[in-house]
Amino acid sequence: MTFVQGGENGGETAAPTATPNWVQEATPIRTPEPVVTTPPVAPEPELPVYTEIYSNKVYLLYDVIALNYDLKVPAMMIDLEIDPDMVADTNEKYSDYGSKKLITVKKSYPDPRADLIVTIFDRTTGDIVEEYDFEQFNQEHEEQTITLRYPRPLPD
């Protein structure tokens, strides 16, 4: 290797240094040009097909709805859309902003007395398989899904 140091008076040439024994010259490796590929497309997962066995929109007021269904092939999905009664609350107060006039504030929230219980029984024994108690609602519209992943127990 040769190093040249430039300056106003011309360049000085530095003496080459000896290459150590542990360094060997090599021919540069030629790398291929990168190949542009598209990422593989993941197949869409197959969604299981469920049969709808009951669909109804009801206003419940201390009502009971009973359905019989023999679940032989799990899973059973119970989709609930719950719209509890809403309570309106109106208050008058002085505004914290601007002219500090008396303003009316209206709030609505789910009725705290609203309650829904979904109980799933084993028809042959009368035992409770699952029970879901929706005691407190926080929204005007709630969606819940209950999933049963096992059939009723087989008789001994």
Side-chain angles (χ1 to χ4, degrees), residues 1 3-8 11 22-23 26 28-156:
M1 287 188 186
F3 295 98
V4 177
Q5 199 171 29
E8 289 183 21
W22 47 271
V23 176
I29 299 172
R30 186 175 188 141
T31 58
E33 293 292 320
V35 177
V36 178
T37 60
T38 58
V41 177
E44 290 288 326
E46 286 189 32
L47 297 175
V49 178
Y50 293 104
T51 303
E52 185 175 300
I53 60 171
Y54 179 77
S55 176
N56 197 4
K57 185 173 186 172
V58 294
Y59 179 81
L60 299 174
L61 184 62
Y62 305 105
D63 294 330
V64 174
I65 296 175
L67 302 170
N68 284 327
Y69 186 75
D70 190 6
L71 179 61
K72 293 180 181 175
V73 180
M76 177 187 279
M77 311 286 285
I78 301 172
D79 290 325
L80 302 170
E81 290 188 29
I82 305 164
D83 295 317
D85 285 341
M86 300 298 286
V87 175
D89 190 13
T90 305
N91 291 326
E92 289 188 351
K93 69 176 204 165
Y94 287 99
S95 172
D96 294 335
Y97 304 99
S99 63
K100 312 284 189 204
K101 290 183 179 178
L102 191 63
I103 60 170
T104 302
V105 178
K106 295 180 182 179
K107 290 191 244 178
S108 66
Y109 53 90
D111 189 338
R113 299 170 297 170
D115 187 18
L116 174 67
I117 300 173
V118 177
T119 307
I120 301 164
F121 294 95
D122 184 326
R123 181 175 41 192
T124 56
T125 64
D127 294 338
I128 295 176
V129 177
E130 298 278 340
E131 184 167 71
Y132 300 88
D133 190 355
F134 302 97
E135 295 177 1
Q136 184 85 29
F137 296 104
N138 299 319
Q139 303 173 25
E140 183 176 344
H141 178 80
E142 292 192 25
E143 294 183 14
Q144 299 284 335
T145 299
I146 298 171
T147 305
L148 293 177
R149 300 196 185 277
Y150 48 87
R152 66 176 176 83
L154 297 173
D156 293 328

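We use all heavy atoms of the structure for the numbers below, so side chains are in, but hydrogens, waters and symmetry mates are not. By convention here, the first residue in the shown sequence is residue 1.
Residues I78 and Y132 fail the side-chain proximity criterion, which asks for heavy atoms closer than 4.5 Å. Between P110 and E140 the shortest side-chain heavy-atom distance does not fall below 4.5 Å. Within the 4.5 Å cutoff, no side-chain heavy atoms of D83 are placed close to those of F137.
In plain terms, the two heavy atoms of D133 and D115 that are nearest each other are OD1-OD1, 2.8 Å. Residue V129 comes nearest to D122 through the heavy atom pair CG2-N, 3.6 Å, listed as atom of the first residue, atom of the second, then distance. Between L80 and F134, the shortest heavy-atom contact is CD1-CE1, 3.7 Å.
Interatomic distance, T124 OG1 to D70 CG, rounded to the nearest 0.5 Å: 9.0 Å. Taking CG of D85 as the start and CZ of R113 as the end, the distance is 8.5 Å to the nearest 0.5 Å. Distance check: I120 CD1 to L148 CG gives 4.0 Å after rounding to the nearest 0.5 Å. Atom CD in Q139 sits 9.5 Å away from atom CE in M86 (nearest 0.5 Å). With values rounded to the nearest 0.5 angstrom, E143 atom CD is found 8.5 Å from D79 atom CG. Between atom NZ of residue K106 and atom CG of residue N91 there is a gap of 12.0 Å, rounded to the nearest 0.5 Å.
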Next on the checklist: Show, in sequence, the C-alpha distance, side-chain angles and deciding distance for L116 and I82, and conclude whether the side chain to side chain contact (heavy atoms under 4.5 Å, CB included) test is met.
Outcome noted: CA-CA 9 Å; L116 174 67; I82 305 164; 3.8 Å; yes
Checklist entry - Passes side chain to side chain contact (heavy atoms under 4.5 Å, CB included), M77 versus T145? Steps please. => result CA-CA 7 Å; M77 311 286 285; T145 299; 3.9 Å; yes
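Heavy atoms of other residues, nucleotides or ligands lying less than 6.0 angstrom from OH of Y94 number 12 at most. Other residues, nucleotides and ligands place more than 12 heavy atoms under 6.0 Å from the CD atom of E130.
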